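Below: one structure, written as structure tokens.
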Number of protein chains: 2
Amino acid sequence: MPTLSPSAFVVLGLLDRYGPMTPYGLDQRIQGSIGYFWGFPRSQLYSEAARLARFGLVTEVQEAEGRRRRLLSITDAGAAELARWLTQAPTEPAEIRDAGLLRLFFQGSSDQSVEQLAAEQEQAHRGRLAEYVQLVTDAGIPENSPQLLTLTMGMRYEELAIDFWAKIKDGRTQISTSATPACAPTTE
Amino acid sequence: MPTLSPSAFVVLGLLDRYGPMTPYGLDQRIQGSIGYFWGFPRSQLYSEAARLARFGLVTEVQEAEGRRRRLLSITDAGAAELARWLTQAPTEPAEIRDAGLLRLFFQGSSDQSVEQLAAEQEQAHRGRLAEYVQLVTDAGIPENSPQLLTLTMGMRYEELAIDFWAKIKDGRTQISTSATPACAPTTE
DNA sequence: AGACAACCGTACAGCTTGGACCATAGGAAT
DNA sequence: ATTCCTATGGTCCAAGCTGTACGGTTGTCT
């Protein structure tokens, strides 16, 4: 069995937590929760499910007629694979895939279009933060759950981004890192 | 001409800033700078260059023998396209592609493996931060340049991540967002 | 009945990814 | 000189991923 992609574990994780679902149902779950942190286009869900079925990690039962739903269920092998991933994973480095930062990087030093970019980005991040706040209040996310923690990180990131772009917009470009200079890696 | 991918603009941007280069040279530039924010596998550089050449945004001149280098140069059309992207772009939302957060999301509430995960992640982010610090001191990044700003954001993100995971590790899970609750999006 | 929205699946061209492989050039060591 | 090592530079390719468009089904409202 080849190594599974992180997306595969999104499928396994959701099936494990919420029980059998159709790919469509998975899509609903993903949008508005983990989709913010790990994008997952709908079209991939079907192929991903098929792949997982091929490896025996989920079972697929398709209705013969009508909507021809594919009901997915996680198998014992799938649950085991998930558990293994949850505890011991290779920890690929994170990557901030932010087109705004990319554009900033390629701006000329004197370009005053930087300020325009900063204003745009600040707005965008404010919007995203508002979505998160909405999620926390509306959706029934259990207190002290890992889901809430994840979302908290998302909000903190948005706050950081808002502050970052706002300072650029106002011309207060800070060179040094923030107040508390988190120290170098501990020797191990 | 189809819409270009962000990666295409990485190529255009580097050629525009540093002058003609081989794909290999681009790769060197990317690793250790913008590569942290927008991953770009080497093999894609050649196809991306070919695509840009097809659209007339760069010119490719390949040596007939020896190392058969492909020297890439940005064309006027390419520079125009770049300038257009720099000023007016559609601003796709950012996405934190962090496998660590993904794993956190799928942890069970009572799992004490959360702490182990947090410890791992904290270490990883400390390492990444150290790389950034190295870059700032070593590489000749101009003061007050957009490149330095981008890197600053990277460092601030790492500090945030370190703090986030450290708190989880120590069991101090904070529900609310950080001190200054950056306000809702301004009405527009 | 008809219109409409939500539900659910399929198809596919083009792009991306990771890794393996090969070949050249320059320098260092024997 | 010959060998070896490393950096340089390119090519290939099977998989997987992405976006988008399309086509049916079911429930609901009028």
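Small disclaimer: the values here were computed from a predicted structure and weren't measured. Convention: sequence-line order gives letters A, B, ...; per-chain numbering from 1. Only heavy atoms go into these numbers, but all of them, side chains included; no hydrogens, no water, no symmetry mates.
When rounded to the nearest whole Å, the span between CZ of B:R42 and P of D:dT8 equals 11 Å.
Nucleotides of DNA chain C that come within less than 4.0 Å of any heavy atom of chain B span, from the 5' end to the 3' end, C:dC15 to C:dA25.
Applying the salt bridge (charged side-chain N to carboxylate O under 4.0 Å, His left out) rule to pairs touching residues 82-97 of chain A yields A:E81-A:R84, A:E95-A:R97, sequence neighbours excluded. The list of salt bridge (charged side-chain N to carboxylate O under 4.0 Å, His left out) pairs with a residue in residues 50-59 of chain B, not counting sequence neighbours, reads B:E48-B:R51. Every pair passing side-chain hydrogen bond (donor to acceptor under 3.5 Å, both in side chains) that includes a residue from residues 22-33 of chain A is listed here, sequence neighbours excluded: A:D27-A:Q31. Residue pairs meeting the ring-ring contact (aromatic ring centres under 6.0 Å, His included) criterion with at least one partner in residues 59-100 of chain A, sequence neighbours excluded, are A:F9-A:W85. Each ring-ring contact (aromatic ring centres under 6.0 Å, His included) pair with one or both residues in residues 31-56 of chain A, not counting sequence neighbours, appears once here: A:Y36-A:Y132.
Here the shortest heavy-atom pairing between B:A49 and B:L72 reads CB-CD1, 3.8 Å.
In this structure the side chain of A:E60 never reaches within 4.5 angstrom of the side chain of A:L71, judged on heavy atoms. Contact check for B:M153 versus A:L160: side-chain heavy atoms found under the 4.5 Å cut-off. Looking only at side-chain heavy atoms (C-beta outward), A:F106 and A:R103 stay at 4.5 Å or farther from each other.
B:F105 pairs by the ring-ring contact (aromatic ring centres under 6.0 Å, His included) definition with nothing, not counting sequence neighbours. Residues passing the salt bridge (charged side-chain N to carboxylate O under 4.0 Å, His left out) test with B:E63 are B:R69, sequence neighbours excluded. Legend: residues meeting salt bridge (charged side-chain N to carboxylate O under 4.0 Å, His left out) with B:E122, ordered by chain and number and at least two apart, are B:R126, B:K169.
Shown for residues 63-74 of chain A: residues whose heavy atoms fall under 4.0 angstrom of DNA chain C, namely A:R67, A:R68, A:R69, A:R70. Listed by residue number, B:E48, B:R51 are the residues of residues 45-55 of chain B with a heavy-atom contact under 4.0 Å to DNA chain C. For residues 18-33 of chain B, proximity to DNA chain D is found at B:T22, B:P23, B:Y24, B:Q28, defined as any non-hydrogen atom under 4.0 angstrom from a strand atom.
Within 4.0 Å (heavy atoms only), A:S5 reaches sugar-phosphate atoms of the nucleic acid but no base atom.
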Next item on the list: Go through the steps to decide whether A:I74 and A:V11 satisfy the test side-chain contact (heavy atoms from CB on, under 4.5 Å), and finish with yes or no.
Entry: CA-CA 9 Å; A:I74 192 169; A:V11 172; over 6 Å; no
